[in-house]
S.K.: 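Here it is, the structure, as C-alpha cells.
The model shown is predicted, which means the values in this text are computed figures rather than measured ones. A note on names: the letters A, B, ... follow the listed sequences, proteins ahead of strands, and every chain is numbered from 1.
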Amino acid sequence: MVKFCTKTCLFILPKTSYCQLQTQSFIPFSVRQEQKILESRLVSVLHGCTHINQVKQVHAHIFRKGLEQCCFVLAKLLRTLTKLDVPMDPYPRLVFQQVEYPNPFLWTALIRGYALQGPFMESVLLYNSMRRQGIGPVSFTFTALLKACSAALDVNLGRQVHTQTILIGGFGSDLYVGNTLIDMYVKCGCLGCGHRVFDEMLDRDVISWTSLIVAYAKVGNMEAASELFDGLPMKDMVAWTAMVTGYAQNARPREALEVFERMQAAGVKTDEVTLVGVISACAQLGAAKYANWVRDVAEQSGFGPTSNVVVGSALIDMYAKCGSVEDAYKVFERMEERNVYSYSSMIVGFAMHGLAGAAMELFDEMLKTEIKPNRVTFIGVLTACSHAGMVEQGQQLFAMMEECHGVAPSEDHYACMVDLLGRAGRLEEALNLVKMMPMNPHGGVWGALLGACRIHGNPDMAQIAASHLFELEPNGIGNYILLSNIYASAGRWDDVSKVRKLMRAKGLKKNPGCSWVEGKKGIIHEFFAGDMSHPKSREIKQALEDLLDRLKYLGYQPNLSSVAYDISDEEKKRLLMSHSEKLALAFGLLTTNAGCTIRIVKNLRICEDCHSVMCGASQITGREIVVRDNMRFHHFRDGRCSCGNFW
DNA sequence: GTAGGGTTAG
C-alpha cells in the first residue's frame, strides 16, 4: 500500500474520478511529497532540454521511475517537444497514446502542439475526441485552439471556439483566453471583433492593450493606436516598443523617435527589439546625425552591433540608407556573427551606392560560408549588375539562382532583369522577357520597363508599359508623371496633355518636389521647388546663380528637355533654377565649410539637369556631394557620379 | 497558455 503510485491509481480509477485523483488524498503524505518532488525535478530538467535526444533520455528515466502514466510530467514533455519544433508525428503523438487516461492538461499539450505546427485541424479533431470522452477543457485548451484558428486564418472556426469559451465553464472571463481571442480576431483580419472582445473583457492587462495597439499599427491607424496607448495605465517595454515600431513601419520616423525619447524619459529599459524600430526610423530619415546617435544608444543599452546580429544588420541598412556605405561596411566587418540579413543588407547597400564590384565580391564571399543566399540577396546582386551595366553577369546569376541556390525567381527578380536589359538599351529583349514570365507581371516589372523607356527615349514602348501600370496601380502618380515626361522629351505635347487630363480625371496631384540638407549643427533644412520662404533665400538664389555662371563657363547648358511643360525656353530655365535639390545644394555650399560633404535627400527622382549641375559643382568646388533621391544614392566627386549617369 | 523585431526591385 505504501508503494501506491499514480500509475496504479489511474488503472483502478474510473475516468470520471479524475478530480479525486488530482487530490490524491488517499496516498500517504510522505510518499506524496516525495513523488511531487521527483515530478517537479523532472519538469525542471525538461525545461532545460535543448535537444530531442535529451528529452528522450528524460523519457527513459520517467519509465524507470514508473511515472509513464503521470500526466503532469508528460504534459511538460510534450510542451518541450513542441518548443523544440519536433514534429507531432510520430514521437509526441506516441507519448500521448501510451497514456491510458490522459488528463485535460495532457490533451491540451497535444492540441497545442498541432496548433503551433499544423495540421491545424488536428487540434480541433483532438478537442472533439476529448469532449466525447467526457473530459472538460481547461483555459489552456482554448488558448491552444485559438492559436490554431489564427494560424489557419479561419475566423469562422475562431467564432465557434469563442462561443465554446462562453458556454463551457465560463472561460470567457479568463484573462488569457480574452487576450488570445483578441489576437485571433486581429490575425484573421477582424480588428473590430478584437476590439469588441477587449471592450467586453472584465479584466485586462498590458498584453490586452498591446495586442490591440499592434493591430491598429499594422493597419496603419496610428491615431487609434496612440489613443489606446495613452489610455494604458501600465506601459511596459513591449507596449512602448509597439508604438515605436508602429510609427517606423508606417513611414512616420519622426514620431517613432519622439515616442522613443518619451520612453527613455519614462525610465523604461530598451532592448534589441526597441532598437530595431528606432534604427529603422533613423534609416528612413537618412540623416547622419541620427545614425551616430542611435548607434551610441545601442552600445549603451548593451545591444551593440558587434555582439547582436539583428541590431548589427539593421545598422548596416541604416548607414547605407544614410549615405555612408563606409560606416555600413565598418559595422559589417566588426560583427562577430553574421547571417543572411547582414550579408543581404550589405550587398543591397553596395548596390544602392553604385558599388557593383563590392557587391559581387561580397556575394562570392558569402557563398564560401554556410549562409545561403535568399531572394533579397539575389535582388541585391541583380540590381548591382543592373546599375553597372553588367548584363551578362546578371543573366548568369538569374539563370543559376534556382538550380544552384534553390531560390526560384519571383516577379521581383524578373523586374530586376527587365531593369538590367532595359537600362542597357535592350528594350525589345526586356519586353520579350516580360511576355515569357511564368507568372503575371506586377507593377515593378512594368515600372522597370517604363523607367528604361525614359532613359532611352522610347515613347511607344512606354505607352505599352504605362497602360499595364495604369491598370495595376491606378493611383500611382509616379507612372503618369514618367509617361508624361517621356512624351515631353519626345516633343509629343498632345500626348502629354492627354496624360495630364487622365491624371486630373482621377483626381491625382503631383507631389511637390522637396529636398532636405543638413546644415550647421546638424539642423535639417527643407526646400520645396520654387520655395523662397527660407530666411536666406536671397543669398541662396545669388549663390546658385554664381554657381551656374561658373558652370556655363565650362560648357554647361540647361537641359530644357527635363521640363515637362510646353512653355517658352526662358520659362523652362526659370523652372529648372527653382528645383528643390539645387536650392539645397546652394544652401549647403553657402553654409558648410570647404571640404565638408554635402548630403541632400530628395523625395522624388533627381532630374537630368540637376544631375549635371551636381556633377559640375563637385568638380569646380572640390566638394563631395551625396544625393539620395527616391531611388538610390548618387555620389558626385570630381565631376562624376557613382551612378555612371544611369538612374 | 497571451503582446513588440531586421534586408526587397521601377
S.K.: Using ring centroids (six-membered ring only for Trp), state whether A:W107 and A:F96 fall under 6.0 Å.
M.R.: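 For A:F96 and A:W107, the ring centres are under 6.0 Å apart.
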S.K.: Would you say A:K76 and A:H47 are linked by a side-chain donor-acceptor pair, where the criterion is simply a distance under 3.5 Å?
M.R.: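 Yes - a donor-acceptor pair under 3.5 Å links their side chains.
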S.K.: Checking all strands, does A:D412 fall into the base, sugar-phosphate, or nothing category for heavy-atom contacts under 4.0 angstrom?
M.R.: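 Since a base atom lies under 4.0 Å of A:D412, the category is base.
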S.K.: Without decimals, in angstroms, what is the distance between A:E272 CD and B:dG6 C1'?
M.R.: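 From A:E272 CD to B:dG6 C1': 11 Å.
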S.K.: Is it the case that the base of B:dG10 and the side chain of A:E473 share a donor-acceptor contact (distance under 3.5 Å, atom types as modelled)?
M.R.: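 Checked by distance alone, the answer is yes.
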S.K.: Do A:S211 and B:dA3 share a donor-acceptor pair, side chain to base, under 3.5 Å?
M.R.: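 Per atom types, no contact qualifies.
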S.K.: Regarding A:L469, tell me which of base, sugar-phosphate or nothing describes its non-hydrogen contacts under 4.0 Å with the strands shown.
M.R.: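 Result for A:L469 = base.
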S.K.: Assign A:G444 to base, sugar-phosphate, or nothing according to its heavy-atom contacts below 4.0 angstrom with the strands shown.
M.R.: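 Base, at least one base heavy atom under 4.0 Å.
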S.K.: Please classify the nucleic acid contact of A:R112 as base, sugar-phosphate, or nothing, using heavy-atom distances under 4.0 Å.
M.R.: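 The residue A:R112 makes sugar-phosphate contact but no base contact.
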S.K.: Check every strand shown and say whether A:I379 touches a base, only sugar-phosphate, or nothing at a heavy-atom separation below 4.0 Å.
M.R.: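 Answer is base: heavy atoms of A:I379 come under 4.0 Å of a base.
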S.K.: What's A:V310 touching, base or sugar-phosphate or nothing? Going by heavy atoms closer than 4.0 Å.
M.R.: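 Base contact.
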S.K.: With sugar-phosphate meaning primed atoms plus P, OP1 and OP2, does A:T274 contact a base, only sugar-phosphate, or nothing at under 4.0 Å between heavy atoms?
M.R.: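 Touches a base.
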S.K.: Measure from the side-chain heavy atoms of A:T383 and tell me the nearest of B:dA9, B:dG5, B:dA3.
M.R.: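 For A:T383, the side-chain atoms sit closest to B:dA9.
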S.K.: Round to a whole Å and report the spacing from CD1 of A:I182 to P of B:dG4.
M.R.: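 Spelled out: CD1 on A:I182 to P on B:dG4 is 12 Å.
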S.K.: What contact category does A:H387 fall into here, base, sugar-phosphate, or nothing, at under 4.0 angstrom with non-hydrogen atoms?
M.R.: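 If one applies the 4.0 Å heavy-atom cut-off, A:H387 turns out to touch the sugar-phosphate alone, with no base involved.
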S.K.: If you look at every strand shown and take non-hydrogen atoms under 4.0 Å, does A:R204 touch a base, only sugar-phosphate, or nothing?
M.R.: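 The answer is nothing, as A:R204 stays clear of every strand by at least 4.0 Å.
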S.K.: Grab the CD1-P distance between A:I279 and B:dG5 for me, whole Å please.
M.R.: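 The answer, rounded to whole Å, is 15 Å.
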S.K.: If you look at every strand shown and take non-hydrogen atoms under 4.0 Å, does A:S313 touch a base, only sugar-phosphate, or nothing?
M.R.: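 Counting heavy atoms under 4.0 Å across all strands, the contact made by A:S313 includes a base.
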S.K.: Give one of base, sugar-phosphate or nothing for A:V309, where a contact means two heavy atoms less than 4.0 Å apart.
M.R.: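 If one applies the 4.0 Å heavy-atom cut-off, A:V309 turns out to touch a base.
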S.K.: Please report the distance, rounded to the nearest Å, between CZ in A:R79 and P in B:dG1.
M.R.: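 After rounding, the gap between these two atoms is 5 Å.
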S.K.: For A:D183 and B:dG4, what is the distance between atoms CG and P respectively, to the nearest whole Å?
M.R.: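 Going from CG in A:D183 over to P in B:dG4 covers 7 Å.
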S.K.: Once you apply a heavy-atom cut-off of 4.0 Å, does A:G349 come out as touching a base, just sugar-phosphate, or nothing?
M.R.: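 Counting heavy atoms under 4.0 Å across all strands, no contact is made by A:G349.
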S.K.: Going by modelled atom types, is there a donor-acceptor pair between the base of B:dG1 and the side chain of A:S139 at under 3.5 Å?
M.R.: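 Result: at least one qualifying N/O pair found.
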S.K.: Could you tell me the separation between the CG atom of A:D419 and the P atom of B:dG10, rounded to a whole number of Å?
M.R.: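 A:D419 atom CG is separated from B:dG10 atom P by 5 Å.
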S.K.: Think A:R204 forms a cation-pi with A:F198, using NZ or CZ under 6.0 Å from the six-ring centre and within 45 degrees of its axis?
M.R.: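 Relative to the ring axis of A:F198, which defines the angle, A:R204 lies inside both limits.
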S.K.: Less than 4.0 angstrom from a charged side-chain N to a carboxylate O is my criterion; do A:E608 and A:R454 meet it?
M.R.: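 Between A:R454 and A:E608 there is a salt bridge, with a charged N closer than 4.0 Å to a carboxylate O.
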S.K.: Kindly determine whether A:R295 and A:E299 satisfy salt bridge (Lys or Arg N to Asp or Glu O under 4.0 Å), including the steps that lead there.
M.R.: CA-CA 6 Å; A:R295 194 205 162 104; A:E299 300 276 7; 3.7 Å; yes
S.K.: Check the geometry between A:F140 and B:dG1 and answer yes if their rings are stacked (centres below 5.5 Å, planes below 30°), otherwise no.
M.R.: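 Aromatic stack with B:dG1 absent for A:F140.
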S.K.: Under 4.0 angstrom, heavy atoms only, what part of the nucleic acid is A:D174 near: base, sugar-phosphate, or nothing?
M.R.: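 Base, at least one base atom sits under 4.0 Å.
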S.K.: Tell whether A:S344 reaches the base of B:dT7 with its side chain through a donor-acceptor pair below 3.5 angstrom.
M.R.: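 By the distance-only test, yes, there is a pair.
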S.K.: If the plane angle is over 60° it's perpendicular, under 30° parallel, otherwise tilted; pick one for A:H353 and A:F633.
M.R.: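 Plane angle under 30°, so parallel.
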S.K.: Check this one for me: any side-chain N or O of A:K76 less than 4.0 Å away from OP1 or OP2 of B:dG1?
M.R.: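 No, because none of the side-chain N or O atoms of A:K76 sits under 4.0 Å from OP1 or OP2 of B:dG1.
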S.K.: At under 4.0 Å between heavy atoms, what does A:E411 touch on the DNA or RNA strands: base, sugar-phosphate, or nothing?
M.R.: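 If one applies the 4.0 Å heavy-atom cut-off, A:E411 turns out to touch nothing in the nucleic acid.
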S.K.: Taking the side chain as every heavy atom from C-beta outward, state whether A:M366 and A:V340 have any atom pair closer than 4.5 Å.
M.R.: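 A side-chain contact exists here, since the closest heavy-atom pair is under 4.5 Å.
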S.K.: Spell out yes or no: do the side chain of A:N179 and the base of B:dG1 have one donor N/O and one acceptor N/O closer than 3.5 Å?
M.R.: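 No, no donor-acceptor pair under 3.5 Å.
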